[in-house]
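Atom set for the values below is all heavy atoms of this structure, side chains included, hydrogens, waters and symmetry mates excluded. Atoms within each ligand, like the ligands themselves, are counted from 1 in listed order. No experiment lies behind these values; they were computed from the predicted model shown.
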Amino acid sequence: MIEVQGLTKWFRGSSKAAVENLHFTVQPGEVFGLLGPNGAGKTTTLRMLCTVLRPSRGLARVAGFDVVEQAAEVRRHIGFLSANTGIYERMTAWEMVEYYGQLYQIPPQRLRSRMEELFATLQMNDFRHRRGGEMSTGMKQKVSIARALVHDPPVLIFDEPTVGLDVLVQRAVLQTIQQLRGQGKTILFSTHILREVEKLCDRVAIMSRGQIVACGTLRDLQEYYRQNDLEELFFSLVS
Ligand SMILES: Nc1ncnc2c1ncn2[C@@H]1O[C@H](COP(=O)(O)OP(=O)(O)OP(=O)(O)O)[C@@H](O)[C@H]1O
């Protein structure tokens, strides 16, 4: 579960909060989307939840652990994927995922069977021995996803997981997220793609200029704002 209360981030030297007074919760078995245009504050929010950035104000608990007081526990219980997750040029797909599994101290036999499972579901066996420097964008993204999932965390936080991917890999990523929801994971992801929200999210928070301007199921929002056309709804809320 993810619980966020009054979460706020001011960057030094900036006259305005990048993220201001956010409140939301995400339950196990739920996909929650943060939808917003560039600069809305999505990445800053996710980075605070992943303990990469320290909140200026407010509280956030991830898998029951406070992101400031219990940052190490939070990191053990999340899988984080961001657009700029580094891929090592010289390591193969298998080696990179294995390396992360070792960092999480997964016993060798369990790690191997977990990796076989992940490589099969993410369709990575064709390139398991290919080095990072020779991978396509989609292959790199799958490696990043496998790394985020190797320790089987209960909470997944994905920052624009399909950005830059072709439609086939996009589809595979979205299907993976659906499967993870089926396994009862708590999933928070950011996007600026309305179609992904329609396809995947149980609930969505629409962000604009650091704030949540609307939150609920798509149906709730459509009814509340009396607007069935999601694109129109989105533009009216963020502009
Ligand atoms: N390290 C930083 N220092 C100062 N300002 C920052 C920093 N990181 C982000 N910001 C500012 O915070 C605001 C929110 O940025 P953020 O990256 O969270 O938005 P976003 O919704 O993820 O956008 P995008 O879709 O472009 O990734 C922006 O105004 C951005 O310029």
Nearest-0.5 Å distance that lies between atom CD in Gln211 and atom NE2 in His23: 10.5 Å

Closest approach of any protein heavy atom to atom 9 (C) of ligand 1, naming residue and atom: Phe11 CE1, 3.5 Å

Identify the closest protein heavy atom to atom 16 (P) of ligand 1: which residue and atom is it, and at what distance? Thr44 OG1, 3.6 Å

Verify salt bridge (Lys or Arg N to Asp or Glu O under 4.0 Å) between Lys199 and Glu196, making sure each step is shown before the conclusion. CA-CA 5 Å; Lys199 259 187 114 137; Glu196 284 186 358; over 6 Å; no

Heavy-atom contact under 4.0 Å between Gly13 and ligand 1? no

Protein contact to atom 26 (O) of ligand 1 [nearest heavy atom, distance to 0.1 Å]: Asn38 ND2, 3.0 Å

So is Gly41 close enough to ligand 1, meaning a heavy atom under 4.0 angstrom away? yes

Within the side chain of Lys42, is there an N or O that forms a donor-acceptor pair under 3.5 Å with the backbone of Phe189? no

Nearest heavy-atom approach of Leu165 to Gly138 is CD2-CA, 3.7 Å

Looking only at protein heavy atoms, what sits closest to atom 25 (O) of ligand 1 is Lys42 NZ, 2.9 Å

Minimum-distance protein heavy atom relative to atom 17 (O) of ligand 1: Thr43 CB, 3.7 Å

Taking only non-hydrogen atoms of Gly39, do any sit less than 4.0 angstrom from ligand 1? yes

Protein contact for atom 31 (O) of ligand 1 (heavy atom, distance under 4.0 Å): no

Pick from Asp159, Thr45, Thr43: which one makes a side-chain hydrogen bond (donor to acceptor under 3.5 Å, both in side chains) with Ser190? Asp159

For Thr8 and Asn21, what are the C-alpha separation, side-chain angles and deciding distance, and is it a side-chain hydrogen bond (donor to acceptor under 3.5 Å, both in side chains)? CA-CA 5 Å; Thr8 299; Asn21 200 25; 5.1 Å; no

Can a non-hydrogen atom of Glu160 be found less than 4.0 Å from any atom of ligand 1? yes

At a non-hydrogen distance cut-off of under 4.0 Å, which region of Pro37 contacts ligand 1 (side chain, backbone, both, or neither)? backbone

Let's go through Glu69 and Arg61 carefully: what are the C-alpha distance in whole Å and the side-chain angles of both, what is the deciding distance for salt bridge (Lys or Arg N to Asp or Glu O under 4.0 Å) to 0.1 Å, and is it a yes or a no? CA-CA 10 Å; Glu69 305 293 333; Arg61 290 176 76 78; over 6 Å; no

Mind checking whether His151 and Tyr104 have parallel, tilted or perpendicular rings, split at 30° and 60°? parallel

Ala18, any N or O under 3.5 Å of ligand 1 N or O: no

